[in-house]
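Residue numbers begin at 1 in each chain, while the letters A, B, ... track the order of the sequences. Only heavy atoms go into these numbers, but all of them, side chains included; no hydrogens, no water, no symmetry mates. Only a predicted model underlies this, so the values are computations on that prediction, with no experimental measurement involved.
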2 protein chains.
Amino acid sequence: MGKGLVMNKRVTIQEVADQAGVSKTTVSRYLNKKYHKMSPATKKRIKAVIEALDYRPSRQAQALKSKRSYLIGVVIADISNMYASLLLKGMSQVFNQAKWQMIILDSLGEVDLESQYLERLIDQNVDGIILQPAAITSENYQFIEDMQLPLILADRKTYPSQWLTIGTDNEAVISRLFDQIHLADYQSFVVVSEVLAPVSTRQDRYQAVVTACAPAPVHLIEVGQNNWQKAILDLAGQQKTLFFCNNGRVMIEVLRILKQGNFQVPQEVGVTGFDDWHMTDMIGPGITSIEQPTERIGAALAENLLQAIESQQILKAGYQAIPSHISLRSSV
Amino acid sequence: MGKGLVMNKRVTIQEVADQAGVSKTTVSRYLNKKYHKMSPATKKRIKAVIEALDYRPSRQAQALKSKRSYLIGVVIADISNMYASLLLKGMSQVFNQAKWQMIILDSLGEVDLESQYLERLIDQNVDGIILQPAAITSENYQFIEDMQLPLILADRKTYPSQWLTIGTDNEAVISRLFDQIHLADYQSFVVVSEVLAPVSTRQDRYQAVVTACAPAPVHLIEVGQNNWQKAILDLAGQQKTLFFCNNGRVMIEVLRILKQGNFQVPQEVGVTGFDDWHMTDMIGPGITSIEQPTERIGAALAENLLQAIESQQILKAGYQAIPSHISLRSSV
DNA sequence: CTGAAAGCGCTAACAC
DNA sequence: GTGTTAGCGCTTTCAG
């Protein structure tokens, strides 16, 4: 690898220049592949010295001068969540293949913490930001725009629409899913979700279910609310109910509760919804569910952001929906 | 928030100095809380200007001068893995609470890619590195040591032992788990694992099972090998077998295979092992399993690394085991 | 108590 | 083709 046996201090461009008998400028030109007017001889000499010394330019210094850090800030609402993991996987495939690196922060879904972290990213001179916003109002993120920093939203929209958001095709896939379900089999319909208000995705999914079930009414159970578990069991006990779960964690919970209540799926209750794990087929009879293309969403976020950074263009506000896959099994 | 309506360029320390009628030096002193010899008046004035201008120092520039980037490099073998997610969660709790930020890279378990990423982190002037190594030989990481960069290993040891590694108490917890199992119930014992060779953790777990079952022999099935699925079904069919799964993904796979083969757990086969998801209770009868304290491992890694960085001391090589929890259910 | 000046490692006019 | 010079935004002697 051309590495010396022991090396303490970083070698600098100056040392390379000295050893090669040229100026820093020339070395810098070499580094930045500006060969257009450079004698093959010097070029070769510099190359040799760089290898001998195992010289690697300091990104810090380059960034300070060139205003490009090759750092991307990523703020996620919960890094331990499977959805987030897959999103990050997709991003890292795009960024790391190129020379970009991600600084990843976990906002815990808390708006104040999120603001703090966003500011830190700006302090760090990141070239762009990918954000899964904890707030639903665009105003919270206006200051990023003011800084002229490219920003792209993951999964969740903010209002009024101001940035490009990339996520699942919630409405379309839910509509397709319900086309496959024989609604007459059910006497009541329930959406189970984490609290709707702060997250556009949850609202959109709820609305899509409402639309799909119309004119039948749709109940909403928000996990964490008073007696929500009991509410599920009550509904399941009263009439044949279809439970639509807004994400994978919720689905796991619902299945657990129904199992404890000794309800048979799909004979006594129906269960469907979003499955972040792609593994509900392990559970019970196999759950008919929506599998999100999470990695591809992550990759798309990264690609779009890079393009915006490199072209210096502002991303067009709006929602880019990546199509989901419906996994038909036997839970409904 | 003290933010102006529109601001394009970052404000610099020079502008603050000008507005406050002092020199950059004094502002810098203020920023670094060197108040010892500074008149309350100037202090107040600087404070006011900083707030009015919403000035925030550039980390880039600070780092270039002070040799402290407040950046930590984290290289993980697979970022979409649940174990990794929880590790990162634990780390982020420690780092982000303080003013540290993580650059996270996914090595895909590939040694070459990993080397490349580690070098990039060095280029970026990170203050320390947390690594879940893809290779098992310490030699691969010697160059980090040569750079005087604090390094700490997550979950996996390298040989010869050269750095502090923090992970699960594999041997101890496996020994405790087997104390709870009535070995006489089984006629054969099998460890199912991803390929053993490159990862110390997998080897250690296998050895611990061998020790616990002695003098009975222990079969080893490496997933991905020729006909490994069939091997599982064959063993299960021949005699009453206990399957020990080396991690959560493997356990999911084993359960899936056994289910397809119509084997009843625990009547016909026993299943136990490590469960990264803390959710195998959703599956079948509830799986007796080992739940790793993954978040705490992540936090411990972060804490130890920070301490090493701040004290300028080298971490003592060795293995720090964080105790796991055994979840006794009914699968064995 | 405060400031001038040098410099961290690099890039980019502008000369020659 | 290549070098000189002047910074990027900050910290830190060293003087006063």
Non-neighbouring partners of B:K65 that pass side chain to side chain donor-acceptor pair (under 3.5 Å), sequence neighbours left out: none
Atom CD of A:Q116 with >12 non-hydrogen neighbours under 6.0 angstrom: yes
Members of residues 40-50 of chain A that approach DNA chain D, where some heavy atom sits under 4.0 Å away: A:T42
Inter-end axis angle, the helix from C:dC1-D:dG16 to C:dC16-D:dG1, with every axis fitted to five base pairs (rounded, 10 degrees): 40°
Which side-chain N or O atoms in residues 124-131 of chain B pair as donor and acceptor under 3.5 Å with protein atoms at least two apart or in another chain?
from: B:Q124; atom 1: NE2; to: A:Q101; atom 2: OE1; distance (Å): 3.1
from: B:D127; atom 1: OD1; to: B:S69; atom 2: N; distance (Å): 3.2
from: B:D127; atom 1: OD1; to: B:S69; atom 2: OG; distance (Å): 3.4
from: B:D127; atom 1: OD2; to: B:S69; atom 2: N; distance (Å): 3.1
from: B:D127; atom 1: OD2; to: B:Y70; atom 2: N; distance (Å): 2.7

Heavy-atom donor-acceptor pair, B:S28 side chain to B:K24 backbone, under 3.5 Å: no
Crowding at CD, B:E139 (>12 non-hydrogen neighbours, <6.0 Å): no
Where protein sits on nucleotides 6-12 of chain D, one letter per nucleotide: B base, S sugar-phosphate only, - none, heavy atoms under 4.0 Å: -BBBBBB
Partners passing side chain to side chain donor-acceptor pair (under 3.5 Å) against B:Q14 (at least two apart in sequence or in another chain): B:D18
Heavy-atom donor-acceptor pair, B:Q132 side chain to B:A77 backbone, under 3.5 Å: yes
A:K47: salt bridge (charged side-chain N to carboxylate O under 4.0 Å, His left out) partners, not counting sequence neighbours: A:E51
Test side chain to side chain contact (heavy atoms under 4.5 Å, CB included) applied to B:T201 - qualifying residues, sequence neighbours left out: B:D155, B:R156, B:N170, B:V199, B:R205
Span of DNA chain C in contact with chain B (heavy atoms, under 4.0 Å): C:dC1 to C:dG9
Test side chain to side chain donor-acceptor pair (under 3.5 Å) applied to B:S23 - qualifying residues, sequence neighbours left out: B:T26
Ring pair (Phe, Tyr, Trp, His ring centres under 6.0 Å) pairs, two or more places apart, involving residues 33-66 of chain A: A:Y30-A:Y35
Any residue meeting side chain to side chain contact (heavy atoms under 4.5 Å, CB included) with B:I136, in chain and number order, not counting sequence neighbours: B:Y159, B:S200, B:Q203
